[in-house]
Amino acid sequence: PGLSCEPRSCADLAGVGGFQSLAIDTSMCKGLVWSQSCSVTCAPGYDPFGLMSQPLVCQPGAGTAGTGGWADDQRGPATSALTCEARVCTAGLPNKRGIEHDCAGKATGQTCTAHRHAAFEYASGE
């Protein structure tokens with residue numbers, strides 16, 4: 001029987017240290033094997049602070065065990081992710097007459113509450 005080898009794969013980047021944030025989109029780095037590269041970016045609703053994307057390479061082996069096999073573009077362990085800041089919501093805020101809310105200034109991932117003003121009643125069908 002012949003001997004065969006397959007390239008080693010890297011761990012799911014979403015489970016690695018600084019990449020576990022919902023603010024970071026790691027979808028381009030799924031299922032990669034030795035020497036394949038990808039970039040992580042900010043997820044929808046988040047803006048980059050500094051770098052627009054972060055190039056990574058799958059390089060399982062010595063020195064990258066703590067990062068699931070991922071290395072940065074300098075071939076060192078990928079120990080930290082780019083910084084993504086939540087975007088302040090400016091669209092879709094409640095704006096009907098008689099509605100009060102605390103949505104102004106809220107950012108991606110935050111919640112707000114809308115309710116009727118005391119001088120109004122709820123109308124059925126609206």
Side-chain angles (χ1 to χ4, degrees):
L3 180 67
S4 65
C5 296
E6 293 185 12
R8 291 176 62 186
S9 60
C10 282
D12 182 358
L13 190 57
V16 174
F19 298 91
Q20 294 174 331
S21 169
L22 293 176
I24 299 171
D25 181 1
T26 61
S27 62
M28 292 177 22
C29 298
K30 291 190 183 297
L32 299 186
V33 297
W34 173 262
S35 81
Q36 291 181 319
S37 59
C38 63
S39 289
V40 294
T41 58
C42 292
Y46 295 86
D47 292 320
F49 183 75
L51 298 174
M52 296 296 286
S53 67
Q54 182 177 3
L56 298 173
V57 63
C58 178
Q59 196 171 29
T64 61
T67 63
W70 292 102
D72 61 23
D73 58 349
Q74 305 300 314
R75 301 295 193 244
T79 56
S80 63
L82 70 160
T83 303
C84 300
E85 297 178 335
R87 188 177 303 144
V88 174
C89 300
T90 58
L93 300 177
N95 65 354
K96 298 286 183 180
R97 186 170 174 238
I99 296 177
E100 294 181 332
H101 64 83
D102 63 354
C103 301
K106 300 287 183 175
T108 301
Q110 295 180 320
T111 59
C112 66
T113 304
H115 60 274
R116 69 171 175 85
H117 184 277
F120 290 80
E121 292 181 356
Y122 286 110
S124 64
E126 292 186 32

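Computed over heavy atoms, backbone and side chain alike; hydrogens, waters and symmetry mates excluded.
Counting only heavy atoms from C-beta outward, the side chains of P94 and C103 approach each other to under 4.5 Å.
Interatomic distance, CH2 of W34 versus OG of S9, reported as 12.5 Å (0.5 Å rounding). To the nearest 0.5 Å, atom OG1 of residue T108 and atom CD of residue E85 are 11.5 Å apart. Between atom OG1 of residue T113 and atom NZ of residue K106 there is a gap of 7.5 Å, rounded to the nearest 0.5 Å. Between the SG atom of C29 and the CD atom of Q54 there is a distance of 9.0 Å, given to the nearest 0.5 Å. For the atom pair I99 CD1 and H115 NE2, the distance stands at 10.0 Å (nearest 0.5 Å). Here the OG-CZ distance, from S35 to R8, works out to 13.5 Å after rounding to the nearest 0.5 Å.
Chaining together hydrophobic side chains whose heavy atoms lie under 4.5 Å apart leaves L51 on its own. When hydrophobic residues (I, L, V, M, F, W, Y) are linked wherever their side-chain heavy atoms come within less than 4.5 Å, the members clustered with W70 are L13, V16, F19, I24, L32, V40, L56, L82.
As summarised for C42 and C84, their two SG atoms come within a distance smaller than 2.5 angstrom, satisfying the threshold. In this structure, C38 and C58 have their SG atoms no less than 2.5 Å from one another.
The minimum heavy-atom distance linking C89 with A107 is given by the pair SG-C, 4.0 Å. Nearest heavy atom pair, residue E100 against residue H117, reads OE2-CD2, 2.7 Å.
Between the Q20 side chain and the G15 main chain, a donor and an acceptor come within less than 3.5 Å of each other.
Applying the salt bridge (charged side-chain N to carboxylate O under 4.0 Å, His left out) test to every pair with at least one member in residues 29-53, sequence neighbours left out, gives these pairs: D12-K30, D47-R87.
In the displayed structure, L93 atom CG is contacted under 6.0 Å by more than 12 heavy atoms of other residues, nucleotides or ligands.
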